[in-house]
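The structure under discussion appears below in the form of structure tokens.
Since we're looking at a predicted model, the values are computed, not measured. Sequence lines set the chain letters: A, B, ... in the order given, protein chains first and strands last, and positions in each chain run from 1.
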Amino acid sequence: MSSSEKYRALKGMRDVLPPDIYLWQQVERTAAELFSSYGFNEIRTPIAEATNLFTRGIGEGTDIVEKEMYTFEDKGGRSISLRPEGTASVVRCYIENQLHTLPSPQKYYYAGPMFRYERPQSGRYRQFYQIGVEAFGSASPVLDAEVISMLCHFLARLGLTGLNVQINSIGCPTCRPGYIEILRGFLGDRQTDLCSDCRRRYLTNPLRILDCKVDGCAGVRQGAPHVVDHLCSDCSDHFNTLQLLLSHLEIPYTVNHEMVRGLDYYTRTAFEVTSANLGAQNAVAAGGRYDRLVKECGGPDVPAVGFAIGMERIIELMKQTCPAPVRAPALYIAVLGERALQRGLGIADTLRNRRIWVETGDYTASLKSQMRKADRLGAGFVFIIGDDELAAGALRWKLLSDGSEGTTPFSAVTSFFESRLR
RNA sequence: GUGAGCGUAGUUCAAUGGUUAGAGCACUGGAUUGUGGUUCCAGUUGUUGGGGGUUCGAGUCCCCUCGCUCACCCCA
């Protein structure tokens, strides 16, 4: 709104406040509980890394490293970047800590902010949060299925419905080059009808033409050969077994032949969960297999699968079905005078030790204003303590929902309150 | 990086180019002593995002700028 002097959060970055914060906590708690039942352990890596970890890991030609990274020099002249995604950091962590020496597969999850310098829009922020999962050390499609299944259960446990799971296989270094040539052959004489980006992609990364959203390109690629029909036998077996497992697990999915992931490191399985209830940025979670990345980053030849969940997008969907819960104190202690305040503070302490949310009033304010404040906070009970109550050794209580009132001795406060709580 | 829409009180919104820019909600206090919600009364809040221009006169028209929103691109 007004005034250039006021500080505001940077473009594309925002505060998370109550009541939304309780949804965030719920999502994080659910992830921690569910993922650990699948044997995934949390890890925390720094939010900044050497820039070349990302350029090498994510791929020189990707938009993310080409134009979206927050990159700066530290005081020692080193090029540092804020992480634009989580996988590269986790891979670095896996290699640096020699986690391959532990029994395979090693399974980890992380949660935290990522940074990309993009133009913000609905569901897209410059600082955004992901919960990600990475499993190292098994090339088996069983692990792909486990990870996809875990993701679906996670989303279901949060009460999200109407989501769409799409999978595809984009092959491996053995079969992908062959497919790319076949694709180029198909597109060959129709190149001129492609958009300018796709004409460039024809040379650099023809796979990306498959998921270009420009109308003309969709027409040009109609009838294009599917990757899945040109996989080597290993990749083909892998993909078929994955589908079989997903069916056994009763996970509804569709094969999307046009889905290729944007990051260079993916091999074989690629998958994505989308929602029709978001804006243009409709991916809720996405991931895939990256069997060559660990080696490419200087580690042992270890295959891996993972995915990342877009926190803000999950939260948005949750808010559409049920609003964020409003929290309110169970008890407000209205106090009249300093002696009453002292008594009230003691009671508050006792009950707080029993995990009860208690607020105390301002003894210089009128009872009316304290009552009003209790009501505004949505407190369940009010305790009233004044000279009369101190003399009688019993406080007045009032249940705000129906206005009922009574007295109870100070000595019986704990048991009174706990029995009335449920 | 490209395009479009929108910027008026804490908030939601009014105000044919024409007095001192208003209203609801919210907030604070009060309606006989120590009782919330509903009601009534009173009070507080603005560089109309900022800068320039047109005009006798600009919240209103024009230009620039900043911000927000949405979309493209790309992605979670």
*asked:* Below 30° counts as parallel, above 60° as perpendicular, anything between as tilted: where do the rings of A:His100 and A:Tyr94 land?
replied: tilted
Margin query: Check the orientation of A:Tyr290 and A:Tyr266. Use parallel for under 30°, tilted for 30 to 60°, and perpendicular for over 60°.
Written below: perpendicular
When you measure only distances, ignoring hydrogens and angles, does the side chain of [X] come within 3.5 Å of the base of [N] through a donor and an acceptor?
X        : N     : value
A:Lys368 : B:G34 : no
A:Glu118 : B:G1  : no
A:Arg119 : B:C70 : no
A:Gln370 : B:U35 : no
A:Arg8   : B:C66 : no

Quote, to the nearest angstrom, the [atom1] distance that separates [N] from [M].
N     : M     : atom1 : result
B:U47 : B:U8  : P     : 11 Å
B:U19 : B:G57 : P     : 15 Å
B:U44 : B:G5  : C1'   : 34 Å

Just N and O in the side chain of A:Arg116: are any of them under 4.0 Å from OP1 or OP2 of B:C73?
no
- Task: State whether A:Gln121 places a side-chain N or O below 4.0 Å from either non-bridging phosphate oxygen (OP1 or OP2) of B:C72.
- Result: yes
Inset, instruction - Check every strand shown and say whether A:Glu316 touches a base, only sugar-phosphate, or nothing at a heavy-atom separation below 4.0 Å. - result: nothing
RNA chain B nearest-nucleotide lookup for A:Asp402 and A:Lys11: closer to the 5′ end is A:Asp402
Name the closest nucleotide to the [X] side chain, picking from [options].
X        : options             : answer
A:Gln130 : B:C75, B:C68, B:A76 : B:A76
A:Arg396 : B:A76, B:G36, B:G34 : B:G34
A:Lys398 : B:U35, B:G34, B:C72 : B:U35
A:Glu312 : B:G3, B:A76, B:G36  : B:A76
A:Arg372 : B:C73, B:U35, B:G36 : B:G36

Dot-bracket assigned to RNA chain B with the 3.5 Å Watson-Crick/G-U criterion, [ ] for crossing and | for other-strand pairs, is (((((((..((((....[...)))).(((((.......))))).....(((((..]....))))))))))))....
